[in-house]
There are 2 protein chains.
Amino acid sequence: MADVARLAGVSSQTVSRVSTGHPSVVESTRQQVLAAMQELGYRPNSAARALKRGEFRTLGVILFTLATTGNSRTVEAILAQAAQEGYAITLIPVAMPTQDGVLGAFTRLGELAVDGVVVIMEVHLLDAANLELPPNMQVVVVDSDAGERYPVVDTDQADGARQATRHLLELGHETVWHVSGPIESFAAGRRTQAWRETLEAAGKAVPPPQLGDWTAESGYQAGLVLARNPGCTAIFAANDQMALGVMRAFHEQGRSIPGDVSVVGFDDIPDAHAFFPPLTTVHQDFAEVGRRCVEGLLRQIRNEPGSPGTDLVPTRLVLRGSTAAPRGR
Amino acid sequence: MADVARLAGVSSQTVSRVSTGHPSVVESTRQQVLAAMQELGYRPNSAARALKRGEFRTLGVILFTLATTGNSRTVEAILAQAAQEGYAITLIPVAMPTQDGVLGAFTRLGELAVDGVVVIMEVHLLDAANLELPPNMQVVVVDSDAGERYPVVDTDQADGARQATRHLLELGHETVWHVSGPIESFAAGRRTQAWRETLEAAGKAVPPPQLGDWTAESGYQAGLVLARNPGCTAIFAANDQMALGVMRAFHEQGRSIPGDVSVVGFDDIPDAHAFFPPLTTVHQDFAEVGRRCVEGLLRQIRNEPGSPGTDLVPTRLVLRGSTAAPRGR
DNA sequence: TATCGTGATGTTAACGTAAACATCGTGGTG
DNA sequence: CACCACGATGTTTACGTTAACATCACGATA
């Protein structure tokens with residue numbers, strides 16, 4: 001910077017003003033400085049900037065994995081929104097999905113160059129009680145029940161499950177069977193609960209849910225069980241991958257979809273419309289979730305008044321070829 | 001830091017030594033300092049540290065999207081490996097997949113707090129010629145042909161395609177049809193080329209490839225075309241999603257897989273074994289790619305002698321239920 | 001013409017840390 | 001016992017930037 005100042009024949013403060021876009025620099029001076037910067041290949045040092053300003057213009061994202069559609073899509077949206085606001089994103093992986101792992105990530109947080117964090121963790125491990133956030137660290141949580149302590153952004157899981165279940169009932173099915181996600185997942189719990197409540201509200205029998213773990217394989221296992229039951233004509237799987245597994249099980253048993261059995265998924269992953277048959281599923285707007293996370297976080301950082309509590313992003317049912325009225329109706 | 005020093009009754013330099021793990025601090029002093037840190041909730045300021053040390057202990061990853069399996073899995077591996085080496089990861093999205101977008105990302109790089117970057121861009125837009133890297137910026141490129149200028153880590157696309165094609169020929173198929181990825185993709189080009197060369201080497205006819213764009217929908221369209229051709233008994237799709245689309249097209253035409261037609265994919269996405277039927281595919285070791293990226297980058301940063309050029313990660317064919325010998329053989 | 005306000009630019013200091021050097025005390029050695 | 005080596009700790013300084021304040025020139029005003 002001093003070199004640039006010397007070459008341009010100004011003080012280093014003027015160089016600083018040019019590089020931060022300060023208004024009170026006369027155009028001719030500005031051009032000189034810019035030329036000098038160009039010639040010397042000057043790049044502002046972000047560490048020094050951060051040190052002086054007391055902020056990093058960076059947000060952290062704490063997560064277990066990028067392997068799930070939801071997480072990677074959410075991160076992508078966070079990325080885009082943050083870039084637009086002039087913030088960079090640092091990813092903070094949780095080494096092990098245990099309470100200790102999470103604590104470790106939060107501890108490291110203090111030394112990381114971030115102004116705030118988005119926590120994407122759908123499991124119960126995030127026991128808000130014993131999390132110690134570094135002071136001045138803002139946080140937004142995705143998909144959790146930490147709403148009491150932290151602002152939460154989440155998909156409206158319950159409404160999605162309700163729409164899926166109602167859709168199947170409205171087609172005329174006697175009841176709806178359910179392949180659930182793992183018990184330790186908040187999202188899975190809420191989907192299962194809404195499914196149950198919808199059935200109860202309609203005065204239908206509530207069959208025992210099949211427990212899955214989000215994987216297609218677990219859906220396949222559940223499908224094998226359900227396929228043995230001739231009374232099962234409608235299935236709500238808690239995600240698309242499990243729906244995929246369920247459908248494979250029925251195909252292998254020679255049962256047709258949606259002729260013999262209707263299937264609804266959840267997520268609307270990009271491949272869902274290419275499944276055989278194309279999957280009717282609940283669309284989650286991950287992009288919107290990511291956007292609201294960043295907005296909420298920046299609102300906190302900038303000390304703007306925000307709406308605390310839980311921010312629910314709506315879902316919508318996408319009708320495709322895997323659902324139909326039951327045979328003989 | 002000064003407060004900690006005062007409370008512990010030592011100089012700030014000793015606090016620094018404790019916080020960086022310097023050996024020449026006697027145990028009793030160390031304990032005192034640690035206690036003071038604890039009490040005051042001291043966290044080292046990473047900006048000041050970076051300023052002083054001249055390094056950020058952060059790596060950047062430039063990419064277009066996290067939506068593809070390959071990218072998100074690679075990023076995840078980079079994340080894990082970097083964490084293990086004590087480095088954080090900053091994601092740098094390229095706003096628009098154009099030459100300008102890429103240039104913009106590289107320009108911003110200079111102001112970003114990173115010691116090196118991994119560039120994950122499989123398209124030809126990365127025209128190495130006019131990329132201006134900030135001085136002192138190390139780079140590793142994934143999946144590209146920039147091998148002349150930069151170190152490259154890539155999956156052995158050609159060998160994977162070769163294995164897939166050979167497998168189908170060895171089953172006894174007359175020839176192998178191909179659904180390719182988009183022309184602007186390096187990986188797609190290499191897969192198509194290896195498929196062609198393998199057929200030629202075996203003295204088989206080379207049918208015209210169907211052009212896809214990685215999506216299941218494009219695979220479905222290609223599948224509709226191929227399904228009309230009774231001579232087509234073996235298909236190599238350039239990725240699993242397109243294979244999924246191809247299979248749906250055949251299912252809809254009432255053609256059985258693998259009875260009438262064998263299909264091989266590429267990637268081995270987690271759902272591949274849950275497809276109907278489970279998909280024979282070429283497994284890519286994204287985790288290994290990510291690992292080698294970080295290793296290569298750190299080697300450069302630390303000025304260790306490295307192997308320049310292209311580092312190829314092997315692939316392997318995973319046999320599942322979508323391939324069989326042709327009918328009547 | 002003396003005074004003052006205004007806008008452009010320069011000077012000083014501080015952000016928190018760690019390298020380099022300085023100092024101090026202790027125990028070993030001739 | 002004088003001297004030295006060495007390990008533990010303290011002091012000084014600089015990393016690159018920008019906020020705050022100081023200065024300066026110039027035009028407007030009484």
Inset, instruction - Under 4.0 Å between any heavy atoms, over every strand shown, what does B/Val25 touch: base, sugar-phosphate, or nothing? Just pick one. - result: sugar-phosphate
A/Arg30 CZ to C/dG7 P, in whole Å, measures 19 Å
Practice task
Flag the pair A/Glu288 and A/Arg291 as a salt bridge only when some basic side-chain nitrogen lies within less than 4.0 angstrom of an acidic carboxylate oxygen.
Solution key: yes
Whole-Å distance, A/Gln31 CD to C/dA8 P, equals 15 Å
- Does any non-hydrogen side-chain atom of B/Pro44 lie less than 4.5 Å from one of A/Glu111? yes
Rounded to whole Å, CG of B/Asp3 lies from P of C/dC15 at a distance of 11 Å
| So, is A/Arg49 near the phosphate of D/dG16, with a side-chain N or O under 4.0 Å from OP1 or OP2? | no
Exactly one of B/Thr155, B/Asp156, B/Thr69 clears side-chain hydrogen bond (donor to acceptor under 3.5 Å, both in side chains) with B/Gln284, and that residue is B/Thr155
note: B/Arg6, atom CZ; D/dG10, atom C1'; distance rounded to Å ~ 15 Å
Side-chain atoms of B/Ser24 come closest, of C/dT17, D/dT9, C/dA18, to D/dT9
Regarding the side chain of A/Met1, the nearest nucleotide among D/dT18, C/dT9, C/dT17 is D/dT18
Taking C/dA18, C/dG10, D/dT17 as options, the one with an atom nearest any side-chain atom of A/Asn45 is D/dT17
B/Arg57 atom CZ is separated from C/dT17 atom P, nearest whole Å, by 17 Å
From CZ of A/Phe56 across to C1' of C/dC15 the rounded distance in Å is 11 Å
Q) A/Arg53 and A/Thr20: side-chain hydrogen bond (donor to acceptor under 3.5 Å, both in side chains), yes or no, with the steps? A) CA-CA 12 Å; A/Arg53 301 211 267 224; A/Thr20 55; over 6 Å; no
note: A/His22, atom NE2; D/dT18, atom P; distance rounded to Å ~ 12 Å
Under 4.0 Å between a side-chain N or O of B/Thr20 and OP1 or OP2 of C/dT17?
no
Is there a donor on the side chain of B/Arg17 or the base of D/dG10 sitting less than 3.5 Å from an acceptor on the other? yes
Using a 4.0 Å heavy-atom cut-off across all strands, classify B/Ser12 as base, sugar-phosphate, or nothing. nothing
Among the nucleotides C/dA19, D/dG10, C/dT9, whichever has the atom closest to the side chain of B/Lys52 is C/dA19
A/Gln13 atom CD is separated from D/dG16 atom C1', nearest whole Å, by 12 Å
Can a side chain N or O of A/Ser16 be found less than 4.0 Å away from OP1 or OP2 on D/dG16?
no
Query - Carboxylate-amine/guanidinium contact B/Glu76 B/Arg73, below 4.0 Å - result: no
Closest of C/dA20, C/dG16, C/dG10 to the B/Leu51 side chain is C/dG16
